[in-house]
Amino acid sequence: MHKPKIQVDTSNVVIDVRKISKSFGDLHILQEVDLQLYNGENLVVLGRSGTGKSVLIKLISGLLKPDAGEIQVLGQHVNQLNESELRELRLKIGFSFQNSALYDSMTVRENLEFPLIRNKRNLTRAEINREVEDVLDGVGMLSSINQMPSELSGGQRKRIGIARTLILRPEIMMYDEPTAGLDPITCLDINGLINEVQERYQTSSIIITHDLACAKTVGDRIVMLLDSKFERQGTFEQIFNSEDERVKAFYDYNFIL
Amino acid sequence: MIKKIKSILIEFAHIHRYLMKFFRELVTPPYEFKEIIRQCFEIGWKSLPLISMTGFIVGFVFTKQSRPSLEEFGATSWLPSLISIAIVRSLAPLVTALIAAGKIGSQIGAELSSMKVTEQIDAMEVSGTNPFKYLVVSRVIATTIGIPILCFYVSGIGLLGGYLSIRIHDQMSFLSFFTQVFEAIGYIDLSAMILRAVVFGFTIGAVSCYAGFNSSKGTEGVGKAANSAVVTSMFLVFLEEIIIVQFLAIFN
């Protein structure tokens with residue numbers, strides 16, 4: 001699968017992370033990390049499990065607070081916003097969770113309606129239905145509209161999770177391990193969907209993964225988290241054309257060379 | 001030892017922050033009326049079969065057990081007054097609260113903690129919804145409203161059980177039983193019942209939501225949250241019962 005050519009506007013930084021540090025007790029997860037996400041790009045954050053990749057996107061979306069450093073999203077300082085300002089900003093950020101985080105007491109339709117009804121209170125019933133059906137059709141899941149999340153497969157849940165974030169038309173998407181726990185064919189489908197979302201909704205995205213096939217398929221740029229810092233960044237080929245043992249070990253493991 | 005004291009103090013600080021946040025969110029718009037009504041239905045309507053059975057048994061057994069003592073003094077005609085005061089003042093709120101702590105408390109604790117484990121609470125947060133207001137405030141309001149209503153219902157069912165228990169031995173009409181019942185209870189008894197039910201309802205809601213919303217991650221956390229919701233709620237209900245009894249003694 002080839003990634004469509006997307007024009008990345010490197011003069012327009014949508015997420016700017018400066019010298020972020022985060023620890024949990026004595027465990028230093030991130031240390032003085034810098035990261036920029038440009039308008040329209042798919043940025044893949046690669047790293048081993050437990051290196052703080054998910055923590056990073058939770059810091060960006062304000063779900064966690066950093067110990068030090070500064071985060072700007074769409075020009076706003078995340079750590080200086082009050083709760084209601086943060087909630088406003090989050091409407092511009094779509095967050096696709098590792099386990100999809102679908103509301104399991106609601107049907108697929110209700111899962112998608114939930115953020116829409118609560119954030120766009122002036123929509124009519126017909127408009128809500130149209131929005132939900134449009135987005136579900138876009139991720140190829142319209143036929144599952146009345147199903148419960150428990151009736152769906154892992155790949156279908158991922159698609160619904162992505163659809164639920166897209167319903168608010170976010171400017172930025174964050175994918176936390178989008179292909180984790182899926183079979184290779186479904187992984188390809190999800191990778192294709194991530195590229196489609198970038199193209200159709202003109203989003204800038206951060207994709208957290210340790211799946212190199214996913215990184216290669218969806219990433220315009222890749223950064224690699226090693227020892228609590230981003231030590232390498234560039235295209236897939238630039239990253240893995242390296243003599244660094246830690247990078248080579250990662251590559252060797254993924255492709256079992 | 002110092003570590004233990006420190007962790008207890010930290011827990012108290014968390015509870016204080018939780019309660020402050022609850023009262024702040026309670027008075028700040030937007031209000032979650034739809035969710036409150038839905039939760040009232042979940043809490044009230046779905047507990048009816050269990051509550052009905054328990055209320056009936058308590059009224060029936062209490063009357064049955066009280067009869068021999070009154071019979072010794074030839075005072076069985078006082079049974080309706082005795083059971084009405086006992087049920088309305090204390091038994092109905094206590095039984096409702098204990099059943100609710102077991103059924104509703106465990107349900108809320110397990111539901112919220114499993115939502116936390118599966119990141120559904122985070123998903124709400126990032127999609128522009130205030131999960132504390134939507135999940136916690138609505139449930140606490142629902143239990144604070146729902147348990148007093150259930151309590152009135154349990155009183156009625158308990159008195160019915162009492163009447164049937166009397167009817168087995170004596171020829172007493174339904175009308176004369178309830179006339180005696182309403183003659184025996186006054187405004188202060190009803191107020192005592194409402195006070196107890198409101199306090200118990202708030203306690204069960206607040207404790208269960210706290211246990212669920214602040215549970216540790218992992219499936220073990222779900223079990224612990226449900227268990228802690230029930231045990232802590234029941235313990236606090238008994239503690240509050242003692243305090244309320246002492247407080248109401250002033251008015252008697």
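In what follows, every chain begins at residue 1, and chains take the letters A, B, ... in the order their sequences are listed. Side chains are part of it too, since the values below use all heavy atoms of this structure and drop only hydrogens, waters and symmetry mates.
Taking CG of N119(A) as the start and OG of S127(B) as the end, the distance is 6.5 Å to the nearest 0.5 Å. Atom CE of M124(B) and atom CZ of R90(A) lie 13.5 Å apart (nearest 0.5 Å).
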>> Run T118(B) and N99(A) through side chain to side chain contact (heavy atoms under 4.5 Å, CB included) and show every step you take.
In response: CA-CA 7 Å; T118(B) 54; N99(A) 297 311; over 6 Å; no

>> Set out, in order, the CA-CA distance, both residues' side-chain angles and the distance that settles salt bridge (Lys or Arg N to Asp or Glu O under 4.0 Å) for K58(A) and E119(B), then state yes or no.
In response: CA-CA 12 Å; K58(A) 285 187 176 173; E119(B) 294 180 308; 3.0 Å; yes

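When all heavy atoms of Q120(B) and Y103(A) are compared, the pair lying nearest together is OE1-CA, 3.3 Å.
No other option in L86(A), L91(A), D104(A) has as many heavy-atom pairs under 4.5 Å with chain B as D104(A).
For the pair D122(B)/F95(A), no side-chain contact is recorded, criterion being any heavy-atom separation below 4.5 Å from C-beta on.
When the shell of 6.0 Å around CD of E220(B) is examined, it contains 12 or fewer heavy atoms from other residues, nucleotides or ligands. Within a 6.0 Å radius of CZ in F235(B), other residues, nucleotides and ligands contribute 12 heavy atoms or fewer. At most 12 non-hydrogen atoms from other residues, nucleotides or ligands lie less than 6.0 angstrom from CZ of R17(B). Annotation: K224(B), atom NZ; neighbour count of heavy atoms from other residues, nucleotides and ligands within 6.0 Å does not exceed 12.
Residue E88(A) does not touch chain B at all, counting heavy-atom pairs closer than 4.5 Å. L168(A) touches chain B through its side chain: at least one heavy atom from C-beta onward sits under 4.5 Å away, while N, CA, C and O do not. For L89(A), no part lies under 4.5 angstrom from a heavy atom of chain B.
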